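Structure, as structure tokens:
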Amino acid sequence: MPITTTARDMLQSIEEHLARATASISESQGEIEAMIRYHLGVHAAPPARPLGHSKRVRPLLLLTAHAALGGDWRTALPAAVAIEYVHGFSLIHDDIEDRSPLRRGRASLWAVWGLDRALNAGDALFALAFRVMGDLADHFDARWVVETYQAMTDACIALSAGQDLDLAFEQVENVSIEQYLAMAELKTGALFGAALEVAAILAGHPPSVRDDLRNAGRKLGVLFQILDDFHDLFGREEDLGKPTAQDALRRKKTLPVVLGLSRDREFAEMWRCLRDNQEMLPHLRARLVTDSILREAIAIEERVRAELQNRMERAPFVDAWKPEMLETIHRLVQRRR
């Protein structure tokens, strides 16, 4: 199928479908719609060009993969909207669990409406995701729609398990590299995996292809999380939309912290004191830019990157869309540190 659209066209369609699906919430349901619009950055009348509030990376990945696998991306828009809703739901709960007052440079939902109402909006957003998936029945066989529901449900369970591990690790002194990677594959990889798996389901590919792409998406999520970990610790506040090193201050076991705790005794001692003395943060950062720790971090990143590349290269992408698909992946995992 020749490429007649761009990522911008897809993003514009995603914004339009998000606006319509969000507007389907009845006015009798109070401020739920307003809260969801605020959190997602959805406008009643989407601008000619999507705003920079969110990159919509998961729905964009789903649509691009569906086209690259031989499908018509427009018919998969309900699935793309659904995965953005699930992602949005997870961020509402994540902000509450971390007591993070900022999200993308502005007040997070709970900081505006309060914890209880934000939880309620998150639950509504989760339900809305599964309602909008029903629109897939307009274009796809019922069996494929059911399998899409199953894939999304499995991803939500995996996402919740990964989030729980992430929280539990805050109370654990030592976390291994293997434990960190398993957590990231669930917490961040689950929805990336679902995006690629659903794209394959709706394009009519067999279970072997779907499983391989789901696993590729989970590796993509791990790589995305590794890069995000370093970006949070060493990035600029204006890029993050929030103060830097917030994960470290919450004692999250990001990859640089896991490496520091297991490889540097002095870092481990400083880490134990960080909660009571936040002025130690610059010194902690300095301990994590040693050659040995950076080499190991890059080696782990490159191993995951190679696993992802191998899986993507053997995927049955059509020639006309393969460059666009690989470019989408590249944009997601280019180094930001």
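For clarity, every value in this text was computed on a predicted model and none was experimentally measured. Here, residue 1 is the first one in the sequence, and each next residue gets the next number.
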| Do the ring planes of Phe126 and Phe130 sit parallel (below 30°), tilted (30 to 60°) or perpendicular (above 60°)? | tilted
| task | Please step through salt bridge (charged side-chain N to carboxylate O under 4.0 Å, His left out) for the pair Arg56 and Glu84, ending with a clear verdict. | result | CA-CA 7 Å; Arg56 312 293 191 207; Glu84 184 69 3; 3.0 Å; yes
| note | Sorted by chain and residue number, the salt bridge (charged side-chain N to carboxylate O under 4.0 Å, His left out) partners of Arg263 (sequence neighbours excluded) come out as Glu296
| message | Check whether Lys219 reaches the backbone of Arg311 with its side chain - one donor and one acceptor, N or O, closer than 3.5 Å. | response | no
| Arg303: partners by salt bridge (charged side-chain N to carboxylate O under 4.0 Å, His left out), with sequence neighbours left out | none
| request: State whether the side chain of Arg251 and the backbone N or O of Trp271 hold a donor-acceptor pair below 3.5 Å, judged by distance alone. | output: yes
| field | Straight-line distance of Ile83 CD1 to Arg58 CZ, nearest 0.5 Å | value | 8.0 Å
| field | Salt-bridge present (Lys322, Asp319; N to O < 4.0 Å) | value | no
| query | Once you round to the nearest 0.5 Å, how far does CG of Leu196 lie from CG of Leu213? | reply | 5.5 Å
| Qualifying salt bridge (Lys or Arg N to Asp or Glu O under 4.0 Å) pairs with a residue from residues 147-167, counting only residues at least two apart or across chains | Arg143-Glu147, Glu147-Arg210, Asp166-Lys187, Asp166-Lys252
| task | Answer yes or no: is there a donor N or O on one side and an acceptor on the other, between the side chain of Arg285 and the main chain of Leu233, under 3.5 Å? | result | yes
| request: Mind checking the CG-CD spacing from Leu223 to Gln225? Nearest 0.5 Å is all I need. | output: 10.5 Å
| query | Is the closest basic N to carboxylate O distance between Glu33 and Arg37 below 4.0 Å? | reply | yes
| task | Keeping the roles fixed (side chain from Asn310, backbone from Ala306), state whether a donor-acceptor pair exists under 3.5 Å. | result | yes
| query | Side chains of Leu326 and Pro323: closer than 4.5 Å at any heavy-atom pair? | reply | no
| said: If I take atom CD from residue Glu269 and atom CG from residue Leu261, how far apart are they, to the nearest 0.5 angstrom? | reply: 10.5 Å
| message | Test: ring-ring contact (aromatic ring centres under 6.0 Å, His included). Region: residues 144-189. Which pairs qualify, not counting sequence neighbours? | response | none
| Exam field: side chain Glu324 to backbone Trp321, donor-acceptor pair closer than 3.5 Å | no
| Is the backbone of His87 close enough, under 3.5 Å, to the side chain of Ser90 for a donor and an acceptor to pair up by distance? | yes
| said: I need the full list of salt bridge (Lys or Arg N to Asp or Glu O under 4.0 Å) pairs touching residues 110-125, with sequence neighbours left out, sorted by first then second residue. | reply: Glu31-Arg117
| said: For the backbone of Leu227 and the side chain of His231, can you confirm whether one donor and one acceptor N or O come within less than 3.5 Å of each other? | reply: no
| Taking C-beta and beyond as the side chain, do Ile300 and Leu259 meet within less than 4.5 Å on heavy atoms? | yes
| field | Residue that, paired with Ile36, satisfies side chain to side chain contact (heavy atoms under 4.5 Å, CB included) out of Val42, Ile25, Leu18 | value | Ile25
| Value rounded to 0.5 Å, distance of NE2 in His39 from CG in Asp95 | 7.0 Å
| Can you list every ring-ring contact (aromatic ring centres under 6.0 Å, His included) pair that touches residues 183-208, not counting sequence neighbours? | Phe192-Phe224
| query | Arg305 side chain to Val333 main-chain N or O, any donor-acceptor pair under 3.5 Å? | reply | yes
